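Labels below follow one simple rule: chain letters A, B, ... track the order of the sequence lines, proteins then strands, and each chain is numbered from 1. The model shown is predicted, which means the values in this text are computed figures rather than measured ones.
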Number of protein chains: 2
Amino acid sequence: MNKRSGIESKKRIINAALDVFSMQGYAKANMREIAKIAGISIGGIYLYFKNKEELYKSLINDRRRDLFNNVAATSGKSISATESLSNFLTTYLEYALKHKEFILLHIREHGFSFDIDKKREFFRQQIKPLEKIIIKGIHSGEFRKCNAKDIAKIIMASLRGVILSMALDDDVVITPKILTEFILIGLLKNGGEGKK
Amino acid sequence: MNKRSGIESKKRIINAALDVFSMQGYAKANMREIAKIAGISIGGIYLYFKNKEELYKSLINDRRRDLFNNVAATSGKSISATESLSNFLTTYLEYALKHKEFILLHIREHGFSFDIDKKREFFRQQIKPLEKIIIKGIHSGEFRKCNAKDIAKIIMASLRGVILSMALDDDVVITPKILTEFILIGLLKNGGEGKK
DNA sequence: GGTTCACATGAACAAACGTTCAGGTATCGA
DNA sequence: TCGATACCTGAACGTTTGTTCATGTGAACC
């Protein structure tokens, strides 16, 4: 084999691992296949990662940070709560479409494998900005009065479901626009003004 | 060991398998553990199921039929589309809470393991009644004009996400009532009457 | 040329897995 | 008591897996 830089080899391994882990799940994924796809020998992987678990964790943490930065980058800019919400949803959906493999992996393995605490923390941090947007919207009079915490949970859960469905089924396409609209105005014709 | 009826043994195996599969996922689940929990020997399992895959499939198919019957039982009764929708959501949420293990298993393994076609068919059949409800609501004037297919997809995806979140996080509790309300009236204060 | 260093290899090992099978046991009708 | 039947056992087998390690190779410096 050609001589390569350590950095390049590591990158190759990470990419291959992301492929294999997301296609097969952690348990079924096998180091030999990752090595093959990365164009390196089995032993080679262990030069860069202590073991399978470390490889997996490293992967997940990288991507999490990435997603988090993406969301942070688009928040705080917009003026109205409606706009903020739209941006929030759009950022997530677009990121998810770009990184299907990561999404699949993350949802598949969430709550089962190691590092559960980190995962819960991650999700909690995802909800926080959403809750803020809703509170802002209520205060500004854009949104109806509601329990911001509950609604944030519902929206986050729905978003997860939408992303999951799109990642799983190629023929499920839900645009940020139509999702935002649905979340904003609901189904009823008269906007449910009879309710509190 | 005590002598048991074949039927009882089979039941024990199915229950144990559901536990183990949903906790560990298909790949990591191991026959010896299932046997232990079921209170039978490894060899014993193979008296009732050809192999691991058949055991898994049998499990999944049983539960799917069960859920399907549940949904079918509560549809068609109600009068207004709003009521129908509420029933639909409630049935799913309640079933999901009762059978967390199955839900976890189903979502975890969807699109990855064998029998993918059956799974897609299952999801398509889930969406159909929902779409009908929406069309009914539009015709009756209860719901705003919208693309019923798209909205059905969004609602189904959201429902999946809500169920997933509740199954994964014990502290995420979303009642059918609050979910229904949210889907019906959305977030905006004025119901978005400016939109088409 | 010799030495050092970073990078790479894949046979070998131990553990864990799904599955098989030769045999064992309780129950019951004859 | 004697099969016959239904139910059950777990050692054994072959395979696959994660991981290790003795060994190899090319480039850079002296």
Visitor: If you round to the nearest 0.5 Å, how far is CG of B:L18 from CZ of B:F102?
Guide: 8.5 Å

Visitor: Nucleotide by nucleotide, 5' to 3', does protein get under 4.0 Å of the base (B), only the sugar-phosphate (S), or neither (-) in nucleotides 13-20 of chain C, counting heavy atoms?
Guide: ----BBBB

Visitor: Rounding to a whole Å, what distance do you find between A:I45:CD1 and D:dT20:P?
Guide: 13 Å

Visitor: Report the distance from atom CD1 of B:I7 to atom C1' of D:dA6, rounded to the nearest whole Å.
Guide: 12 Å

Visitor: Which part of the nucleic acid does B:G44 contact within heavy-atom distance under 4.0 Å: base, sugar-phosphate only, or nothing?
Guide: base

Visitor: Does a salt bridge link A:E181 with B:R144, judged by any charged N lying under 4.0 Å from a carboxylate O?
Guide: yes

Visitor: Between A:K10 (NZ) and C:dC7 (P), how many Å, whole number?
Guide: 11 Å

Visitor: Rounded to whole angstrom units, what separation is found between the CD atom of A:E8 and the C1' atom of C:dA6?
Guide: 15 Å

Visitor: Tell me: NZ of A:K36 to P of C:dT9, nearest whole Å?
Guide: 14 Å

Visitor: Distance check needed: D:dC7 C1' versus B:K11 NZ, whole Å only.
Guide: 17 Å

Visitor: Backbone N or O of A:S22 within a donor-acceptor pair of the A:E101 side chain at under 3.5 Å?
Guide: no

Visitor: Using five pairs at each end of the helix from C:dG1-D:dC30 to C:dA30-D:dT1 to define an axis, what is the angle between those two axes, to 10°?
Guide: 20°

Visitor: Going from CD1 on A:I42 to CD on A:E33, what distance comes out if it is rounded to the nearest 0.5 angstrom?
Guide: 12.0 Å

Visitor: Categorize A:Y48 for me: base, sugar-phosphate, or nothing, with a 4.0 angstrom heavy-atom threshold over every strand shown.
Guide: sugar-phosphate

Visitor: Within this structure, what is the CD-to-P distance between A:E54 and D:dT19, rounded to whole angstrom?
Guide: 10 Å

Visitor: Under a plain distance cut-off of 3.5 Å, with no hydrogens placed, do B:R64 and B:H106 share a side-chain donor-acceptor pair?
Guide: yes

Visitor: Can you tell me how far P of D:dT16 sits from CD of A:Q24, to the nearest Å?
Guide: 15 Å

Visitor: Using the ring of each side chain (for Trp, its six-membered ring), is A:F21 parallel, tilted or perpendicular to A:Y26, with breaks at 30° and 60°?
Guide: parallel

Visitor: Any heavy-atom pair between the side chains of A:S165 and B:M156 that's under 4.5 Å?
Guide: no

Visitor: Under the salt bridge (charged side-chain N to carboxylate O under 4.0 Å, His left out) definition, can you give me all pairs with a residue in residues 12-22 of chain B, not counting sequence neighbours?
Guide: B:E8-B:R12

Visitor: Would you classify A:I40 as touching base, sugar-phosphate or nothing, given that sugar-phosphate means primed atoms plus P, OP1 and OP2, and contacts are heavy atoms under 4.0 Å?
Guide: sugar-phosphate

Visitor: Look at B:S9 and D:dC8 and indicate whether a side-chain polar atom (N or O) is within less than 4.0 Å of OP1 or OP2.
Guide: yes

Visitor: Kindly say whether A:T82 contributes a backbone atom to a donor-acceptor pair with the side chain of A:S86 at under 3.5 angstrom?
Guide: no

